[in-house]
Colleague: 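Shown below is the structure under consideration.
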4 protein chains.
Amino acid sequence: MQIKIDNASTRPIYQQIIDQIKRDIALGRLKAADKLPTVRQLAAQLVLNPNTISKAYRQLEQDGIIVTRPGAGAYVAELSSNLSKSVRKKLLCEQIELLVVEAVHMQIDARTLGEWFDGTAKKFKFTDSEE
Amino acid sequence: MQIKIDNASTRPIYQQIIDQIKRDIALGRLKAADKLPTVRQLAAQLVLNPNTISKAYRQLEQDGIIVTRPGAGAYVAELSSNLSKSVRKKLLCEQIELLVVEAVHMQIDARTLGEWFDGTAKKFKFTDSEE
Amino acid sequence: MQIKIDNASTRPIYQQIIDQIKRDIALGRLKAADKLPTVRQLAAQLVLNPNTISKAYRQLEQDGIIVTRPGAGAYVAELSSNLSKSVRKKLLCEQIELLVVEAVHMQIDARTLGEWFDGTAKKFKFTDSEE
Amino acid sequence: MQIKIDNASTRPIYQQIIDQIKRDIALGRLKAADKLPTVRQLAAQLVLNPNTISKAYRQLEQDGIIVTRPGAGAYVAELSSNLSKSVRKKLLCEQIELLVVEAVHMQIDARTLGEWFDGTAKKFKFTDSEE
DNA sequence: GTGGTCTAGACCACC
DNA sequence: GTGGTCTAGACCACA
């Protein structure tokens, strides 16, 4: 696993770890049942305190993204969401709005933003539509 | 100006204020040269510590979104961006990635996300393309 | 707030704190928008490390049961559940099964268990049925 | 014997084994004097470390639920409980409280919870009342 | 050896 | 002053 910590970022370290693991899963680089590095391994590799890794893993587990078992390690879980669809829509649309507002203030026109959006989305492994 | 603080949100209050002012500008509800409420007015209206409002205004000024003239109040600035296009692309694409990763983990398919994105984008006043 | 820690219990301390706060809310002793003791206050009162209290509060926040704001403290949130109804049913029925199995092994007959159940349920403030 | 391990559960594996054996007994699928699989058999069947099975059996024996005769295997014991009725009541009522508190926070109304409780209880073989 | 819990103590962002 | 993050290090339950 390749994880890079940006110490200059205001984003907490544990959150950066979460971001990158979720990204790797969404990209298909990590698949369900794959084993994650142990807390101690990753802590040594990134030169961080094991508690920091632990916090990231705990959060990921709580979000149902990984499964951790004392004595066995941490594994990627099946994709799933306990949230009701309306809650998911609300959460995502809030994030979309922030993105769009930012784009407007950066004077990026709608077409360009749409292209960047499509270009980025193409790289990820979405769940198939259930039409 | 209508600003609503969501105390349940983990987003800091000063950030929520920033978000909503930027949103109102992007929606066209606030236009260049419009006068913003004074720090004291807004603090009284939202029942918040004036320091919190100050922090939001200071941040907005730093981002070139408003202009404060000491003694005369704060005004909406012209849209502009000092950032190079490549930096803007990088910043927005990072945000797009976080959004898409989140959508994948919520098992929202690409088409649905695209629809939500388009629906949201339509509400805002983008700068015209400079083709 | 009256919280009692049982050091003899195998249940982690932070979990005991969570249990009792959720209980107080369910009993109506704590109501939405009530202020909880600060992390440091409660840590001093229970002679525990502030991190332990912090962990309990963080978990409660993640479950949408309280709202914490740096600089402002922690407050009881409105009752709500982001979980879909089927997930809620599954979670509760698993817990019910464990309870019933335990009762059978303790040779408690069905009627007695039902009475204990009703007696306990009566003490709590359920959401009204939405028939 | 059909035992299923849910690796996604936070419940320890040895505890899941205990849960399911107790459940099978409470359902009447396993009866007093029935022979349980050997530690090795079960370990092979579930692809688990034999120590894990051992721990489960040891705990079940300690709780008086099974009897292991060295060299002869493990057998289901007669239902019995050394605990005084008041202790049993205390233990069960604690568990009932946790269940009810959870239900309140999930915004399940009392009637629905009661129905789920009755529906679940009906499936099990309670000891007859000793009125 | 694995992750989980708890303590102790430093530093920072928020209000 | 509030809670959040991170480090360091001890001890325990699980496999």
Side-chain angles (χ1 to χ4, degrees), chain A residues 5 7 9-17 35-43 46-61 66-75, chain B residues 5 7 9-17 43 46-56 59, chain C residues 5 7 9-17 35-43 46-61 66-75, chain D residues 5 7 9-17 43 46-56 59:
Chain A
I5 301 305
N7 285 303
S9 167
T10 61
R11 210 162 171 80
I13 295 176
Y14 81 96
Q15 186 65 58
Q16 294 185 37
I17 297 170
K35 192 175 193 311
L36 293 171
T38 70
V39 168
R40 289 162 171 89
Q41 271 173 12
L42 199 51
L46 302 177
V47 195
L48 292 172
N49 187 301
N51 281 335
T52 305
I53 315 292
S54 211
K55 183 169 186 178
Y57 279 18
R58 203 183 320 135
Q59 175 80 47
L60 284 165
E61 165 138 53
I66 68 170
V67 167
T68 75
R69 299 203 136 278
Y75 297 82
Chain B
I5 300 304
N7 287 305
S9 168
T10 59
R11 212 160 169 83
I13 292 177
Y14 82 95
Q15 186 66 57
Q16 291 186 40
I17 296 170
L46 302 177
V47 197
L48 291 174
N49 189 319
N51 287 331
T52 307
I53 315 291
S54 273
K55 180 162 187 179
Q59 179 79 48
Chain C
I5 300 303
N7 285 304
S9 168
T10 60
R11 212 164 170 79
I13 294 176
Y14 81 95
Q15 187 65 57
Q16 294 185 37
I17 296 170
K35 192 177 193 312
L36 292 172
T38 70
V39 168
R40 290 163 169 86
Q41 272 172 13
L42 199 52
L46 301 178
V47 196
L48 291 173
N49 187 300
N51 281 335
T52 305
I53 315 293
S54 213
K55 181 168 187 178
Y57 278 19
R58 203 183 320 136
Q59 175 79 46
L60 284 166
E61 166 138 53
I66 69 172
V67 167
T68 75
R69 298 203 138 278
Y75 297 83
Chain D
I5 300 304
N7 286 305
S9 167
T10 61
R11 213 160 168 84
I13 293 177
Y14 83 96
Q15 186 65 59
Q16 292 187 39
I17 297 170
L46 302 177
V47 196
L48 291 173
N49 189 319
N51 287 332
T52 307
I53 316 290
S54 274
K55 180 162 187 179
Q59 178 80 46

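Keep in mind that what you see is a predicted model, and the values were worked out from it rather than measured. By convention in this document, chain letters (A, B, ...) are assigned in the order of the sequence lines, proteins followed by strands, and residues within each chain are numbered from 1.
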Colleague: Please report, rounded to the nearest Å, how far the P atom of F:dT2 is from the CG atom of C:L42.
Modeller: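 Atom-to-atom, C:L42 to F:dT2, this comes out as 12 Å.
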Colleague: Treating primed atoms plus P, OP1 and OP2 as sugar-phosphate and everything else as base, which nucleotides of nucleotides 6-15 of chain E get B, S or - for protein heavy atoms under 4.0 Å?
Modeller: BBBB----BS
Colleague: CD of A:Q59 versus C1' of F:dG4: gap in Å, rounded?
Modeller: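 Atom CD in A:Q59 sits about 13 Å away from atom C1' in F:dG4.
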Colleague: Taking atom OG1 of B:T52 and atom CD of B:Q15, what is their separation to the nearest 0.5 Å?
Modeller: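 B:T52 OG1 to B:Q15 CD: 13.0 Å, rounded to 0.5 Å.
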Colleague: Note down the inter-axis angle between the two ends of the helix from E:dG1-F:dC14 to E:dC14-F:dG1, five pairs each, to the nearest 10°.
Modeller: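 The end axes of the helix from E:dG1-F:dC14 to E:dC14-F:dG1 are about 30° apart, to the nearest 10°.
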Colleague: Determine, stepwise, if the pair D:L48 / D:I17 fulfils side-chain contact (heavy atoms from CB on, under 4.5 Å).
Modeller: CA-CA 11 Å; D:L48 291 173; D:I17 297 170; 4.2 Å; yes
Colleague: Taking only side-chain N and O atoms of C:S54, does any of them lie within less than 4.0 angstrom of OP1 or OP2 on F:dG3?
Modeller: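 For F:dG3, OP1/OP2 do not have a side-chain N/O of C:S54 under 4.0 Å.
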Colleague: Heavy atoms only: give me the nearest C:S54-C:V39 pair and the separation to one decimal.
Modeller: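 Heavy atoms only, the tightest pair is N-CG1, 4.2 Å.
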Colleague: Starting at atom CG of B:N7, determine the distance to atom C1' of F:dG3, rounded to an integer number of angstrom.
Modeller: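 Rounded to whole Å, this separation is 15 Å.
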Colleague: Specify the closest pair of heavy atoms between B:A43 and B:P50, including all atoms of both residues, with the distance to one decimal.
Modeller: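 Taking B:A43 first and B:P50 second, the nearest heavy atoms are CB-CA, 3.8 Å.
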Colleague: If you take all heavy atoms of D:Q16 and D:S9, which pair is closest and at what distance?
Modeller: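 Here D:Q16 and D:S9 meet closest at NE2-CB, 3.6 Å.
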Colleague: For A:I17 and E:dG3, what is the distance between atoms CD1 and P respectively, to the nearest whole Å?
Modeller: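 Rounding to the nearest Å, CD1 of A:I17 and P of E:dG3 are 13 Å apart.
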Colleague: Rounding to a whole Å, what distance do you find between C:L46:CG and E:dT5:P?
Modeller: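 Checked: the CG to P distance equals 18 Å.
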Colleague: Roughly how many Å is it from NZ in C:K35 to C1' in F:dG3, rounded to a whole number?
Modeller: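 For the pair C:K35 NZ and F:dG3 C1', the rounded distance is 10 Å.
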Colleague: Kindly compute the distance separating CD1 (B:I13) from CZ (C:R69), expressed to the nearest 0.5 Å.
Modeller: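 Interatomic distance, B:I13 CD1 to C:R69 CZ, rounded to 0.5 Å: 4.5 Å.
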Colleague: When rounded to the nearest 0.5 angstrom, what is the spacing between CG in C:N51 and CZ in C:R58?
Modeller: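 If we round to the nearest 0.5 Å, C:N51:CG and C:R58:CZ are 8.0 Å apart.
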Colleague: Go through the structure and list residues passing salt bridge (Lys or Arg N to Asp or Glu O under 4.0 Å) with C:R11, not counting sequence neighbours.
Modeller: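 If we apply the salt bridge (Lys or Arg N to Asp or Glu O under 4.0 Å) test to C:R11, skipping adjacent residues, the hits are C:D19.
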Colleague: How long is the span from the CG atom in A:L60 to the OG1 atom in A:T68, to the nearest 0.5 Å?
Modeller: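 Output value for this atom pair is 10.0 Å.
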Colleague: Between C1' on E:dG3 and CZ on A:R58, what's the gap in Å once rounded to a whole number?
Modeller: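 It works out to 10 Å between those atoms.
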Colleague: Without decimals, in angstroms, what is the distance between C:L36 CG and F:dG3 C1'?
Modeller: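 Going from C:L36 (CG) to F:dG3 (C1'), I get 13 Å.
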